[in-house]
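Quick notes on the structure that follows.
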Amino acid sequence: MNAIYDLLKPVDFVIVGIYLFILIAIGFWVSYMQKKNKEENLFLANRSLGWASIGFTMWGTNVGPSMLVASASAGYQTGIVAGNYAWYAFVFILMLAVVFAPRYLGANVSTLPEFLGKRFGEHTRNILAWYTLITILISWLSLGLFAGGVLIKQLLGLDMLLSVMVMVVVSTLFVVAGGLKTIAYTSVFQMLLLIAVSLILVVLGVSKAGGISAIYEKTPSNFWNLFQPASDKNCPWPAILLGYPIMGVWFWCTEQSMVQSVLGAKSLKQGQLGANFIGWLKILDVPLFIIPGVICFVLYPHLKNPDEAYLVMVTNLFPPGMKGLIIVVLVACLISTIGASLNSVSTVFTMDIYVKKYRPQASNREIMRIGRIVTVAGALISVTVTLAIDNIKGLNLFNVFQSVLGFLAPPMTVAFLFGVLWKKTTPKAINYVLTAGTAFCLLVGILNLWVIPSSNWPHFLLLSFYLFVVLSAMTYLVSLFDKKGALQIQQAVYYKSLAKPGKQVWAMWGLLFAVMLGLYILFNGH
C-alpha cells in the first residue's frame with residue numbers, strides 16, 4: 001500500500017496547516033493568555049476540571065495511536081468481539097467513580113503512589129512510584145510512540161526515528177507549556193474532531209457496502225457476538241468474563257495516566273460525572289473504530305495484512321481534502337496520548353520522588369521547573385525504548401499490548417483492591433505484592449510471550465486471573481499472620497463518612513447500565 005502522502009493534494013496540506021494553527025492557538029491561549037494563579041498546580045490543572053474535560057481527556061488518553069489500526073484490524077479478523085475491551089469497561093469505570101474517586105479526592109492526593117503511601121507508609125509509596133514510572137514509560141509512552149511511528153511512516157513515508165521525534169517534540173512542548181490544563185482543553189477539540197472524521201469514514205463505508213443489512217449478510221454470523229464460545233482461540237467468553245476485570249480495575253481505577261484527570265476535578269461530583277461521561281464515550285469505540293474493519297472485510301476481503309484495514313479504507317473512500325483530515329485526526333490521537341503520559345511521568349517523579357525524598361521544602365516554582373525537566377527526560381527515554389521496540393520483528397501490536405497489560409495488572413489490582421476494601425491489609429503484604437508479586441508476574445509473562453510460546457498455555461486473560469488469585473491469597477495470608485504490621489496500619493485513608501454519590505450521579509450511571517445491558521443482549525445469539 002502506498003503512503004497516503006503520495007496521494008495528497010494541495011487542499012490536504014491546507015487542512016493540515018489550519019488544524020495545526022488552531023491546536024497551537026488553543027495551547028497558547030490556555031498556557032499564556034489566561035490569568036494564572038502563582039500557586040497553580042501544573043499537574044492537576046489547579047483542580048479545575050469539569051466533567052466534560054475529564055471525560056474527553058480520559059478518552060483522549062485511551063484512544064491512542066494504536067486504537068484506530070488495531071481495532072480495525074481486530075474487526076476485520078473477528079468482528080466486534082474486541083468491543084468487550086470498550087463496553088465491559090463501564091463496570092470498572094463505575095468502580096472508579098463510586099469506590100476509588102471518593103477516597104482519592106478525600107485524601108487530597110496528586111498521585112496514586114501518594115495515596116497508597118498514606119495508607120501503608122513511605123516505603124510502599126516509593127516502590128509504587130518507581131513501578132508507575134516504569135509502567136507508563138513502557139506501556140503508554142514507548143508502545144504508543146511505536147504504534148504512532150508506524151502510522152506516521154505509512155502516512156507520510158518518514159522513517160521511524162523522524163516520525164517519533166516529531167510526535168515527541170510537539171507533545172513535550174504542550175506539556176511543558178501548560179501541563180494537564182493544556183492537554184484537557186486541546187483534548188476536547190481533538191476528540192470532537194476524531195468523532196467527526198471516524199463517523200464520516202463509517203458512513204462512506206456503509207454506503208459503498210450497500211447498507212447495514214448488506215454488511216450483516218456478507219459477514220459471518222459470529223462477527224456480531226460479544227461472547228464467543230469457550231473454545232474460541234482469540235476471545236473465549238470465560239477469559240473475557242474472569243480475566244478482563246483484572247485488567248479493567250488496574251487500567252481504569254489505579255493507572256496514573258487514566259486517573260489523573262479525575263484527581264484534577266473541581267469537585268467529587270464533577271469527577272464522578274466525568275467518569276460517567278467516558279463510559280458513554282466508550283460506546284463509540286465499536287462503531288467508530290471496530291466497525292470500519294468489519295466494513296473493510298466486506299469491501300476488500302482479500303487483504304494480506306489486516307493491520308492495513310483502516311488505512312485501506314481511508315485511501316479508497318476519502319476524497320481529496322479528507323485524506324488531510326485523517327492525518328489531522330491521527331496527530332490528535334498521538335498528541336493526547338503522549339502528552340497525558342508525559343504529564344503523568346512528570347507528576348509521579350516530581351511529587352513522589354523528588355519532593356518527598358529530596359526537597360520537601362521545594363517552592364511551587366521549583367516543583368514546576370523540575371516537572372518540566374522530567375517531562376523532557378521522559379520523552380528522551382521513551383524515544384530510546386521505542387527505537388528498541390522497532391527492532392523486534394514480528395510484533396503483533398494489538399495482542400502483545402493487551403498481553404503486557406494482562407501481566408502488569410494483577411499486582412496493582414490486588415494492592416489497590418485490598419488497600420481500599422480490607423482494613424486489615426498490612427504494609428508488608430502490599431510490599432510483597434508490588435515487589436515479589438510483580439517479579440513473578442513478569443517472569444510468567446516473559447515465559448508465555450517469548451521463551452515458551454505454546455498453545456498449551458491458558459488464554460492470557462485467564463492467566464491474568466490465575467495470577468490475581470495467587471497474589472490475593474498471598475496478600476491475605478501475609479496480612480493474617482503479620483501481627484506487627486497490623487499494629488502499624490495507618491488510618492489516614494479511612495474516613496468514617498465518605499462522600500456518597502448524589503442522585504444525579506446515580507441516575508446517569510443507572511441510565512448507562514440500562515444501555516449497556518441492551519447492547520449486550522442485542523449483540524449476542526447471532
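Heads up: numbering here begins at 1 and tracks the sequence.
Contacts of Phe100 classified as ring-ring contact (aromatic ring centres under 6.0 Å, His included), with partners at least two apart in sequence or in another chain: Tyr104. Residues passing the side-chain contact (heavy atoms from CB on, under 4.5 Å) test with Ala429 are Thr426, Thr475, Val478, Ser479, sequence neighbours excluded. For Leu281, the side-chain contact (heavy atoms from CB on, under 4.5 Å) test picks out Phe56, Trp59, Phe277, Leu284, with sequence neighbours left out. Applying the side-chain contact (heavy atoms from CB on, under 4.5 Å) rule to Ser472 yields the partners Val414, Phe418, Phe468; only residues at least two apart in sequence or on another chain are considered. Not counting sequence neighbours, the partners of Ala101 by the side-chain contact (heavy atoms from CB on, under 4.5 Å) test are Val262, Leu268. Under the ring-ring contact (aromatic ring centres under 6.0 Å, His included) criterion, Trp237 pairs with no residue at all, not counting sequence neighbours. Residues passing the side-chain hydrogen bond (donor to acceptor under 3.5 Å, both in side chains) test with Ser198: none are found, sequence neighbours excluded. For the ring-ring contact (aromatic ring centres under 6.0 Å, His included) test, residues two or more places apart in sequence or in another chain that qualify with Tyr476 are Trp422.
Scanning all heavy atoms of the two residues, the minimum distance from Thr254 to Met412 falls at O-CE, 3.6 Å. Nearest heavy atoms, Thr78 versus Val81: OG1-CG1, 3.5 Å. The shortest heavy-atom contact between Leu273 and Met508 is CD2-CG, 4.2 Å. Scanning all heavy atoms of the two residues, the minimum distance from Gln270 to Ile54 falls at O-CD1, 3.7 Å. When all heavy atoms of Val259 and Trp252 are compared, the closest pair comes out as CG2-O, 3.7 Å. Here the shortest heavy-atom pairing between Val286 and Gly83 reads CG2-CA, 3.7 Å.
Between Pro102 and Lys500, every side-chain heavy-atom pair lies at or beyond the 4.5 Å cut-off. For the pair Arg119/Thr425, a side-chain contact is recorded, criterion being any heavy-atom separation below 4.5 Å from C-beta on. Counting heavy atoms from C-beta on, the side chains of Tyr466 and Leu462 come closer than 4.5 Å. In this structure, Val99 and Leu421 have side chains that are in contact, with non-hydrogen atoms separated by less than 4.5 Å. You'll find the side chain of Asn276 stays beyond 4.5 Å of the side chain of Val505, heavy atoms only.
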Can you give me every donor-acceptor pair (side chain of residues 86-95, partner residue at least two apart or in another chain, under 3.5 Å) with its distance?
| unit_1 | atom_1 | unit_2 | atom_2 | d |
| --- | --- | --- | --- | --- |
| Trp87 | NE1 | Ile283 | O | 3.2 |
| Tyr88 | OH | Leu241 | O | 3.2 |

### Task
Could you check Phe407 against Leu463 for side-chain contact (heavy atoms from CB on, under 4.5 Å), going step by step and ending with a plain yes or no?
CA-CA 8 Å; Phe407 293 115; Leu463 202 51; 3.6 Å; yes
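For residues 511-521, the side chain to side chain donor-acceptor pair (under 3.5 Å) pairs, not counting sequence neighbours, are Asn84-Tyr520. The salt bridge (Lys or Arg N to Asp or Glu O under 4.0 Å) analysis of residues 270-286, with sequence neighbours excluded, yields the pairs Lys282-Asp285.
Between the Lys118 side chain and the Ala107 main chain, a donor and an acceptor come within less than 3.5 Å of each other. No donor-acceptor pair under 3.5 Å is formed between the side chain of Asn524 and the backbone N or O of Asn225.
The structure places CZ of Phe440 at 11.0 Å from CG of Leu442, a figure rounded to the nearest 0.5 Å. The distance from the CZ atom of Phe416 to the CD atom of Glu255 is 10.0 Å, given to the nearest 0.5 Å. Distance CG/Leu467 to OG1/Thr438: 11.0 Å, rounded to 0.5 Å. The CD atom of Glu114 sits 11.5 Å away from atom CG of Leu128, with the distance rounded to the nearest 0.5 Å. The structure places CD1 of Ile80 at 11.5 Å from SG of Cys235, a figure rounded to the nearest 0.5 Å. For the atom pair CG of Leu408 and CD1 of Ile246, the computed distance is 14.0 Å after rounding to the nearest 0.5 Å.
Atom CH2 of Trp130 has 12 or fewer neighbouring heavy atoms from other residues, nucleotides or ligands inside a 6.0 Å radius.
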